[in-house]
Amino acid sequence: DTQKEAVNNIKGDYDYWHYLCDGTNDRGWGCGYRTLQTIISWCIHNEQISKPVPSIRQIQEILVSMEDKPSKFLGSRDWIGSVEVGLVIDSYCDIPVKLVHVNSGDELNVVFSQLVEHFRSKGSPVMMGGDQD
C-alpha cells in the first residue's frame with residue numbers, strides 16, 4: 001500500500017518554537033504552547049497574518065479573555081491542549097480549526113487519510129495530542 005509509505009510534509013515557512021526559546025523555563029508544561037506558537041508562525045508566514053507570535057502570557061490572556069480559563073490561569077504552568085490551541089488560532093488568526101478525535105494511538109490509522117489530505121491541500125503543521133504524556 002503506497003499510502004503507508006508516503007511522506008507528507010509541511011509546506012511553506014515557519015519558525016520552530018521550543019522549550020526555553022524565549023528564556024521561559026517551560027520544560028514539563030510548555031509543549032502545547034510551543035506547538036501553538038509554531039502553528040501561528042506558519043500562519044504568519046503563509047496566510048499573511050500581520051501579528052506577532054504571542055508569548056505564553058499572551059496566549060493565557062487570550063484564553064482568559066474568551067472565558068475559556070479563569071483569571072487564576074494567568075501566569076500559571078497549566079497545560080493547554082488541542083482544544084485551547086484551536087480556540088486561540090480561531091480567535092487570534094481568524095482561521096477556523098478542525099479537531100479530529102481518536103480514542104488512542106491505536107486508532108490513528110482511521111485518520112491517516114485525513115492527515116494526508118490536510119498536508120496535500122493545506123500544508124500547515126498540525127497538533128496531535130493525547131490525554132496522557
Practice task
Indicate yes or no: does Glu84 engage Lys69 in a salt bridge with an N to O separation below 4.0 Å.
Solution key: yes
Handout entry: Cluster link Met127 to Ile49, ILVMFWY, side chain under 4.5 Å
Key = yes
Problem - Inter-residue atom distance Lys98.NZ - Asp90.CG, 0.5 Å rounding - result: 15.0 Å
Problem - Asp22 with Arg34: basic N within carboxylate O range, under 4.0 Å - result: yes
Problem - Euclidean distance, Leu74 CG relative to Ile59 CD1, rounded to 0.5 Å - result: 12.5 Å
Problem - Tyr33 and Ser55: CA distance, side-chain angles, deciding distance, side chain to side chain contact (heavy atoms under 4.5 Å, CB included) verdict - result: CA-CA 9 Å; Tyr33 295 98; Ser55 66; over 6 Å; no
Practice task
Check the hydrophobic clustering (I, L, V, M, F, W, Y; side-chain heavy atoms under 4.5 Å; chains of links allowed) and say if Trp29 and Tyr19 are grouped together.
Solution key: no
Practice task
Could you tell me whether the side chain of Gln37 and the main chain of Val53 form a donor-acceptor pair under 3.5 Å?
Solution key: no
Practice task
Answer yes or no for Lys51 and Tyr92: cation-pi contact, defined as NZ/CZ to six-membered ring centre under 6.0 Å and angle to ring axis within 45°.
Solution key: yes
Problem - Leu20-Leu36 co-clustered via ILVMFWY side chain contacts under 4.5 Å - result: no
Practice task
Could you check Val88 against Leu63 for side chain to side chain contact (heavy atoms under 4.5 Å, CB included), going step by step and ending with a plain yes or no?
Solution key: CA-CA 7 Å; Val88 173; Leu63 291 166; 3.7 Å; yes
Problem - CG (Asp94) with more than 12 external heavy atoms under 6.0 Å - result: no
Fill in the blank from the handout: Between Pro125 and Trp42, the two heavy atoms sitting closest are CD-CG, 3.4 Å
Practice task
I would like to know whether Leu115 and Asn8 meet side chain to side chain contact (heavy atoms under 4.5 Å, CB included); could you show each step before the answer?
Solution key: CA-CA 9 Å; Leu115 284 168; Asn8 294 280; over 6 Å; no
Handout entry: Pairwise distance CG(Leu108) to CG(Asn103) - rounded to 0.5 angstrom
Key = 11.0 Å
Exercise for the section: Kindly compute the distance separating OG1 (Thr38) from CH2 (Trp17), expressed to the nearest 0.5 Å. Expected result: 8.5 Å
Problem - Heavy-atom check, side chain of Pro70 versus side chain of Val64, under 4.5 Å - result: no
Problem - Donor-acceptor contact present, side-chain Thr24 to main-chain Asp26, <3.5 Å - result: no
Practice task
Look at the side chain of Ser121 and the backbone N and O of Glu117, then say whether any donor-acceptor pair between them is shorter than 3.5 Å.
Solution key: yes
Exercise for the section: Any chance you could measure Ser50, atom OG, to Ile44, atom CD1, to the nearest 0.5 Å? Expected result: 9.0 Å
Fill in the blank from the handout: In terms of heavy-atom contacts, Arg57 and Gly75 come closest through NH1-N, 3.5 Å
Exercise for the section: Quick one: pull up CD1 in Ile95 and SG in Cys43 and give me the separation to the nearest 0.5 Å. Expected result: 3.5 Å
Problem - Within-4.5 Å side-chain heavy-atom neighbours: Glu47 and Cys93 - result: no
Exercise for the section: Would you please say whether a donor-acceptor pair under 3.5 Å links the side chains of His118 and Ser124? Expected result: yes
Handout entry: Test side chain to side chain contact (heavy atoms under 4.5 Å, CB included) applied to Met128 and Thr35, step by step
Key = CA-CA 9 Å; Met128 298 180 77; Thr35 300; over 6 Å; no
Exercise for the section: Would you indicate whether the side-chain heavy atoms of His45 and Asp15 approach each other to under 4.5 Å? Expected result: yes
Handout entry: Heavy-atom closest pair, residues Asn9 and Phe119
Key = O-CD2, 3.8 Å
Problem - Glu67, CD: over 12 other non-hydrogen atoms inside 6.0 angstrom - result: no
